[in-house]
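Just so we're on the same page: letters track the sequence lines, and every chain starts at 1.
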Amino acid sequence: MRYNEKELQALSRQPAEMAAELGMRGPKKGSVVKRRLVKLVVNFLFYFRTDEAEGGAPGVPGPRGGGPAGSALTALSPQPVGALLLERCRVAQEEPSGFSISFLEDPERKYHFECCSEGQCREWVDALRGASYEFMRRSLVFYRSEIQKMTGKDPLEQFGISEEARFQLSGLKA
Amino acid sequence: MKLNQRSVAHYAMSDSPADHTGFLRTWGGPGTPPTPSGTGRRCWFVLKGNLLFSFESREGRAPLSLVVLEGCTVELAEAPVPEEFAFAIRFDAPGVRPHLLAADGPAAQEAWVKALSRASFGYMRLVVRELESQLQEARQSLVLHRHSTWKATAGRCKPPAPDRWSPGLENGHSLSRDCSPMGLVEEGGSRPAGRGWAEWELQGPASLLLGRGQSPVSPETSCFSTLHNWYGQEIVELRHRWQQRAQCSQPECEKQDRP
């Protein structure tokens with residue numbers, strides 16, 4: 001699947017709903033916790049390298065591909081290491097103050113995140129659970145039908161958008 | 001830069017509704033070899049939320065490309081071939097070339113431009129927030145309505161008109177002006193205000209796994225009677241207090257009533 005990295009990088013620079021330095025561990029076996037700047041922008045979770053070197057803990061390899069090349073550039077406009085699209089995912093709180101994100105097609109593959117407090121963790125979990133387009137769509141459809149039941153009127157009619165596919169109970173099937 | 005591509009592809013193929021679909025011609029675009037004929041390449045496009053996927057064909061098993069429709073504008077454009085109904089997705093980022101696409105006809109072109117330009121997450125969120133506040137308003141006036149009808153039956157106001165008594169909520173937006181003192185307005189408003197984003201975001205993962213059409217707020221509020229009971233708690237409490245007050249003053253009445 002082709003996509004333009006520059007477009008995603010531009011998205012990663014947009015205002016974030018949440019951003020913090022968290023511990024992050026990928027789903028691969030043997031992955032270790034790394035400090036990452038984690039940034040929630042719409043339904044994407046971006047993660048960046050932090051300033052500090054990654055080799056803090058013993059046995060942890062240095063930054064992948066991190067060298068003098070590009071370091072000056074990335075200091076000016078840091079590029080994300082990666083992004084997660086938050087559709088069809090499950091966000092779970094993990095002991096003691098962390099959370100995990102897994103995706104429906106392979107629920108065993110989990111991305112782990114470590115927060116510095118339970119409060120921070122709850123904030124992230126709440127924000128991530130609301131950060132899905134499909135979640136928004138379902139909320140909208142629910143609100144629309146509740147309002148219709150209560151008032152007898154379609155709340156989208158006044159905006160002239162009641163016919164839009166994205167607001168229908170059952171949209172087009174691909 | 002990494003991306004959870006398998007999950008993205010899985011989302012593209014999932015049964016969640018598509019917001020627009022159809023064949024479009026595409027030119028160049030990042031990673032596509034230029035076609036010598038200039039007619040572009042015909043692909044099947046699927047718009048899902050803020051993501052535009054292309055497929056080899058309608059039955060394509062894996063998406064060929066992905067465009068995230070954030071921070072972009074969609075406008076009519078000139079195609080390499082004059083009779084095409086072209087449009088472009090432009091990103092306001094340095095070094096990002098626009099995506100040039102063309103529909104088969106003017107109607108399809110218009111529909112695509114419309115669907116793509118409204119595909120951002122922000123647009124969806126705006127409409128969700130608008131409806132959320134509309135629903136809160138409707139619930140508040142329902143609470144007020146119940147307050148005032150209860151007060152009316154308690155004999156402190158003149159009885160309501162029969163139509164106001166009916167459980168039909170056509171007038172859910174209108175306040176009963178004749179008996180809604182400010183105190184009740186505030187009380188009625190306090191509870192819905194507390195049931196904002198925080199609460200239904202907590203329900204997120206559950207609702208992600210629920211079928212479509214179910215309540216994302218909380219599964220039990222989708223039917224009116226539960227909703228009614230829920231808001232009724234406040235009224236029951238007020239009524240209880242009122243009864244207690246009435247009981248306190250009752251001995252005097254009884255004394256007077258006794259021969």
Using a 3.5 Å cut-off and no angle test, enumerate the donor-acceptor pairs between side-chain atoms of residues 155-163 of chain A and protein atoms at least two apart in sequence or in another chain.
from: A:Gln158; atom 1: NE2; to: A:Pro155; atom 2: O; distance (Å): 3.3

Top of B:Asp92, B:Val67, B:Leu51, B:Asn50 for chain A proximity - count of heavy-atom pairs under 4.5 angstrom: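 Looking at each option in turn, the highest pair count goes to B:Asn50.
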Sort out for me which of B:Pro94, B:Ala9, B:Gly122, B:Ser65 touches chain A most, counting heavy-atom pairs under 4.5 Å.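 If we count pairs closer than 4.5 Å to chain A, B:Ser65 comes out on top.
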CD-OH distance between B:Gln5 and A:Tyr3, expressed to the nearest 0.5 angstrom: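 These two atoms lie 4.5 Å from each other.
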Among A:Gly82, A:Ala83, A:Ala10, A:Ala92, residue most engaged with chain B (heavy-atom pairs, under 4.5 Å):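 With the most close heavy-atom pairs to chain B, the winner is A:Ala83.
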Listed by residue number, which members of residues 38-45 of chain A have a heavy atom under 4.5 Å from any heavy atom of chain B?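 Under the 4.5 Å heavy-atom cut-off, A:Val42, A:Asn43, A:Phe44 qualify.
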Who pairs with A:Arg109 by salt bridge (charged side-chain N to carboxylate O under 4.0 Å, His left out), at least two apart in sequence or on another chain?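 Testing A:Arg109 for salt bridge (charged side-chain N to carboxylate O under 4.0 Å, His left out), a comparison that skips the adjacent residues, returns none.
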Salt bridge flag under 4.0 Å for residues [X] and [Y]:
X	Y	value
B:Arg129	B:Glu132	no
B:Glu75	B:Arg90	yes
A:Glu94	A:Lys110	yes
A:Arg36	A:Glu114	no

Given a strict heavy-atom distance threshold of 4.5 Å, which part of [X] is in contact with chain A: side chain, backbone, both, or neither?
X	result
B:Ser54	neither
B:Tyr123	side chain
B:Tyr11	both

Checking side chain to side chain donor-acceptor pair (under 3.5 Å) for the pair B:Gln134/B:Glu130: CA distance, chi angles, key distance, verdict? CA-CA 6 Å; B:Gln134 276 194 33; B:Glu130 166 63 28; 2.9 Å; yes
Residue pair B:Ser7 / A:Glu87, side-chain donor-acceptor N/O under 3.5 Å: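 On atom types as modelled, these side chains do not qualify, holding no pair under 3.5 Å.
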Measure distances from [X] to the heavy atoms of chain B and classify the residue's part below 4.5 Å as side chain, backbone, both or neither.
X	answer
A:Gln14	side chain
A:Glu123	neither
A:Leu11	side chain

For A:Phe113, which residues count as a ring pair (Phe, Tyr, Trp, His ring centres under 6.0 Å) partner, sequence neighbours excluded?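 A:Phe113: ring pair (Phe, Tyr, Trp, His ring centres under 6.0 Å) contacts with A:Phe99.
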